[in-house]
> 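Just passing along the structure, written as structure tokens.
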Amino acid sequence: MAAIDDKPISLFKKLGGLIAIILGFLLAAVGYRDGSTEYLTLGIVLIAIGLVLIVLMIVRRNKGRHV
């Protein structure tokens, strides 16, 4: 099992980030198609949140490694 400081990696960050990215792309596509600035903006924000969650998880996992 992958662990950080003897704590399991949060499944919420993995799934939450992936779900946020998928929903963000869907909302952005709907917003673009319908010309809705609100949906487009919300989609972009969700994509950004999902990417931040995934990047933070990767950075925390690789924190102790020096290449």
Side-chain angles (χ1 to χ4, degrees):
M1 176 187 335
I4 299 172
D5 298 328
D6 296 324
K7 297 178 186 175
I9 294 176
S10 175
L11 186 61
F12 170 75
K13 284 188 181 179
K14 288 180 184 177
L15 290 178
L18 186 60
I19 290 170
I21 291 171
I22 292 170
L23 286 176
F25 274 115
L26 290 174
L27 279 173
V30 168
Y32 180 75
R33 183 189 65 203
D34 294 341
S36 174
T37 306
E38 294 84 16
Y39 283 138
L40 187 60
T41 304
L42 183 60
I44 292 170
V45 168
L46 280 175
I47 292 170
I49 290 171
L51 288 174
V52 166
L53 284 174
I54 290 175
V55 167
L56 286 176
M57 182 192 64
I58 292 170
V59 167
R60 186 174 297 143
R61 182 180 64 200
N62 294 332
K63 188 176 182 180
R65 300 180 187 177
H66 293 82
V67 178

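It should be emphasised that the depicted structure is a prediction, and the values quoted were computed from it without experimental measurement.
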> Among the clusters formed by ILVMFWY side chains lying less than 4.5 Å apart, do L18 and V55 turn up in the same one?
no
> Applying the 4.5 Å side-chain criterion to the ILVMFWY set and letting contacts propagate, would V45 and L51 be lumped into a single cluster?
no
> So, taking the atom named CD1 in I54 and the one named CG in L15, what distance separates them when rounded to the nearest 0.5 Å?
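It comes to 9.5 Å.
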> Just how far is it from atom CE of M57 to atom CG of N62, taken to the nearest 0.5 Å?
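Going from CE on M57 over to CG on N62, the span is 9.5 Å.
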> Do you know the tightest heavy-atom contact between Y39 and V30?
CD1-CG1, 4.4 Å
> How far does CD1 of I47 sit from CD1 of I22, to the nearest 0.5 angstrom?
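Going from CD1 on I47 over to CD1 on I22, the span is 11.0 Å.
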> Output the distance between atom CG (L23) and atom CD1 (I49), rounded to the nearest 0.5 Å.
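One gets 11.0 Å once the value is rounded to the nearest 0.5 Å.
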> Going by the side-chain contact (heavy atoms from CB on, under 4.5 Å) test, name the single residue among L46, L40, L42 that passes it with I44.
L40
